[in-house]
S.K.: 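I am attaching a structure below and will ask some questions about it afterwards.
Computed from a predicted model, the values in this text were never measured in an experiment.
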Amino acid sequence: MHQPRKQRLHRRPGRFGLLLGLGLLTSSVQAATLSIGIQGEPASLDTARIGGSTWENDVLGDLFEGLVTLDPSGKYIPGAASDWSLSDDGKVYTFKLRDDANWSDGEPVVAEDFVLAFQRLFDPANGAVYASLFYPIRGAEAHTKGEKDAPELGVEAVDAKTLKITLDQPTPYFPTLLAHIAASPVPSHLVEKFGNDWTQMDHIATNGAFTPTGWISHDHIAARKNAEFHAAADVALDGVDYYPVEDRSAGLQRFRAGGLDIVRDFSPDRYQWLQQNLPDAVHLAPQLANYYFALNQRDGHPTADKRVREALNLAIRRDVIADQIMDGVVSPASGFVPEGVSHYDAQAMPGLDQARDERVAEAQALLKDAGYGPDHPLELTLRYSTTEANKRIAVALAAMWKPLGVETQLVNAEGAVHYAELAAGNFDVGRGSWVADFDDASNFLGILQSDSPKNYGGYRSQAFDELMARASRETDMAARQQLLQQAERQALSDYAVAPIYVDVSRNLVNPKLEGWEDNALNRHLSRWFSLDAD
């Protein structure tokens, strides 16, 4: 098991230190409490009630530990389970829990804690956004959909420290799913006593490296080292404070002033400036992530018409967005699954390879055919979450669509509100993004399935759903890849979404912080970090 690195990182002094001055020095000397600027506020600390935002990983990933976890490089390693075995037919996993795995209140972590966690994840009353991620588990889909004849759920406590998980069919990547925060255990002794109130600050217990001690809404969440964590002796930090920072400029200012040790995003138009002024702090790395706009296909929305969706896609100048607005730090996307995903060849949306003038002319013809023109202009509501980059992209899209006679109303909101509006279907065009939970194309394509809570646009395609279902049952990797690629081509030919670019991870990291490693999942657990107090 990977242990935190103890060696000191030798860095040459740079302009970073001059800019931060005494503010950062004072922060570093204080008892190793890390301050992280996250992109928004978690919807909940209950793993069955989280909202599906990337920043929830930053918080819940530190507070809870699943059967499998991640090392600093993003490699999957044993977590709350010390080891596991797989049956000869590839469908039954048996996990042995660590003897020293405890909750922060001293109670042991037992197999029943995982059984209850999965039962709550698949309880239709909870509407868990990540339930579908674990549909390989026997009965998971049927339970989530409330089917009366659902088979017994394939999660069983053999004894206090032995958990058995049975799948419908072999799923080679299944262990990687178990590092997801939605697969974290819940303290069954507290859920039994307090019900859904178990996450209140005066009740909660966690099994990760840290445990929360306070939550001031829209200000910060405070967590302190969990003395009961099985690897507590190797955790160097005394605590972590998480600050929601949606204004990227404000985040940069707080970082420079020493108020934050990590900022989990920065505005891409500041990249060149950061390279020149804070070269030891800026981290830009490849990431399995996309940036796209959902197109609402529900009745009553103009984007329910495929011709409209095709026209909007054809008129988007993705190279301009990537090169000018995003300062060249991202790559234009012509498909939904980004390049770099294992066992997959990137697909392309039809028509995007035409010359710009040809695309615009075809888009104009499509809108005319759909009944739009000077006397009946296409009117759209475009929603985006509040960041400067998102605003600039939204403004750019409105400008790109204007030659088609499209009138676009821009509506912005902070992250939690924005995604709630998308989930409610209150938009025509809505900004979205997806960061891989695990390295597989199904993780991206799965959010376009008809029953996915993350299918904001309400895309419905029997052909797509059937291809995804066939891929989920296919054990031959080459055949499965072909099915997934065919499914994406179906969605792209339906113009289900408007892909914009393949994203990268952008982080600001205090050079005095040790243990940080860039990785393709952009997941970074604070248990591996230490702060140099010199």
Side-chain angles (χ1 to χ4, degrees), residues 52 76 86 89-93 121-122 129-145 147 151 154 165-180 182-183 288-290 292 297 333-350 432 434-497 499 502 520-521:
Y76 296 98
L86 178 62
D89 64 2
K91 295 195 293 185
V92 181
Y93 286 86
L121 185 68
F122 304 132
V129 297
Y130 285 116
S132 61
L133 199 63
F134 300 92
Y135 279 178
I137 296 175
R138 186 188 67 196
E141 183 173 5
H143 281 266
T144 303
K145 295 180 178 178
E147 297 178 5
I165 298 181
T166 303
L167 311 182
D168 280 325
Q169 61 271 329
T171 307
Y173 59 82
F174 182 72
T176 69
L177 298 181
L178 300 177
H180 193 281
L288 300 181
N290 64 16
Y292 68 96
Q297 288 149 68
S334 57
F336 194 66
V337 180
E339 291 188 16
V341 171
S342 298
H343 307 293
Y344 198 80
D345 295 327
Q347 304 297 300
M349 180 174 281
W434 189 256
V435 179
D437 298 304
F438 58 100
D439 184 4
D440 192 83
S442 66
N443 190 222
F444 289 91
L445 297 176
I447 69 174
L448 297 180
Q449 290 180 272
S450 297
D451 58 356
S452 170
K454 306 295 286 186
N455 182 7
Y456 297 127
Y459 174 57
R460 297 288 185 273
S461 167
Q462 182 177 349
F464 177 84
D465 288 344
E466 289 178 352
L467 287 165
M468 292 297 293
R470 288 174 59 192
S472 71
R473 297 189 297 268
E474 181 57 66
T475 57
D476 180 85
M477 292 300 291
R480 179 175 181 271
Q481 177 178 339
Q482 291 304 314
L483 288 169
L484 290 172
Q485 290 174 181
Q486 187 178 348
E488 183 178 8
R489 288 195 297 272
Q490 178 66 54
L492 295 178
S493 66
D494 290 333
Y495 299 92
V497 296
V502 177
L521 293 176

S.K.: Parallel, tilted or perpendicular: which fits the ring planes of Tyr292 and Phe336, with parallel below 30° and perpendicular above 60°?
M.R.: perpendicular

S.K.: Supply the atom-to-atom distance Asp451 CG to Lys145 NZ, rounded to the nearest 0.5 angstrom.
M.R.: 4.0 Å

S.K.: Can you give me the closest heavy-atom contact between Leu483 and Glu474, atom names plus distance?
M.R.: CD1-CB, 4.1 Å

S.K.: Using a 4.5 Å cut-off on heavy atoms from C-beta on, say whether the side chain of Met468 contacts that of Leu484.
M.R.: yes

S.K.: Only counting residues at least two apart or in another chain, list the ones meeting salt bridge (Lys or Arg N to Asp or Glu O under 4.0 Å) with Asp345.
M.R.: none

S.K.: Can you see which heavy atom on Ala142 is nearest to which on Pro151, and at what distance?
M.R.: CB-CD, 4.0 Å

S.K.: To the nearest 0.5 Å, what is the distance between CE on Met477 and NE2 on His343?
M.R.: 4.5 Å

S.K.: Is there a side-chain contact between Pro499 and Met349 (heavy atoms, below 4.5 Å)?
M.R.: yes

S.K.: Are Tyr495 and Pro350 packed together at the side-chain level, in the sense that at least one heavy-atom pair is separated by less than 4.5 angstrom?
M.R.: yes

S.K.: Parallel under 30°, tilted from 30 to 60°, perpendicular over 60°: which one fits the rings of Phe174 and Tyr93?
M.R.: tilted

S.K.: Please tell me if the side chains of Leu445 and Tyr344 come closer than 4.5 Å, counting only heavy atoms from C-beta onward.
M.R.: yes

S.K.: Between Pro338 and Val502, which heavy-atom pair has the shortest distance, and what is it?
M.R.: CB-CG1, 3.6 Å

S.K.: Please step through side chain to side chain contact (heavy atoms under 4.5 Å, CB included) for the pair Thr171 and Ile137, ending with a clear verdict.
M.R.: CA-CA 9 Å; Thr171 307; Ile137 296 175; over 6 Å; no

S.K.: Roughly how far, to the nearest 0.5 Å, is the CD atom of Gln297 from the CG atom of Asn455?
M.R.: 7.5 Å

S.K.: Are more than 12 heavy atoms, taken from residues, nucleotides or ligands other than Arg470, located less than 6.0 Å from that residue's CZ atom?
M.R.: no

S.K.: Indicate yes or no for a side-chain donor-acceptor contact from Tyr173 to the backbone of Asp439 under 3.5 Å, with no hydrogens or angles considered.
M.R.: no

S.K.: When you compare the side chains of Arg473 and Gln169, does any donor N or O come within less than 3.5 Å of an acceptor on the partner?
M.R.: no

S.K.: Taking all atoms of both residues into account, what is the closest heavy-atom pair of Pro172 and Pro175, and its distance?
M.R.: O-CD, 3.6 Å

S.K.: Rounded to the nearest 0.5 Å, how far apart are CG of Leu133 and NZ of Lys454?
M.R.: 11.5 Å

S.K.: Compare every heavy atom of Val337 with every heavy atom of Ala441, then report the nearest pair and how far apart it is.
M.R.: CB-CG1, 4.1 Å

S.K.: At what distance, to the nearest 0.5 angstrom, does CG of Asp494 lie from OH of Tyr459?
M.R.: 3.5 Å

S.K.: Taking only residues two or more places apart in sequence or in another chain, which ones pass salt bridge (Lys or Arg N to Asp or Glu O under 4.0 Å) with Asp440?
M.R.: Arg480

S.K.: Write down the atom of Ala463, the atom of Gln490, and the distance for their closest heavy-atom approach.
M.R.: CB-OE1, 3.9 Å

S.K.: The test is side chain to side chain contact (heavy atoms under 4.5 Å, CB included); show your working for Asn443 and Trp434 and say whether it passes.
M.R.: CA-CA 9 Å; Asn443 190 222; Trp434 189 256; 3.4 Å; yes

S.K.: Could you tell me if the side chain of Asp437 sits less than 4.5 Å from the side chain of Leu177, heavy atoms only?
M.R.: no

S.K.: Report yes if some heavy atom in the side chain of Thr144 is under 4.5 Å from a heavy atom in the side chain of Tyr135; otherwise report no.
M.R.: yes

S.K.: From Gln449 CD over to Asp465 CG, what is the distance, rounded to the nearest 0.5 angstrom?
M.R.: 6.0 Å

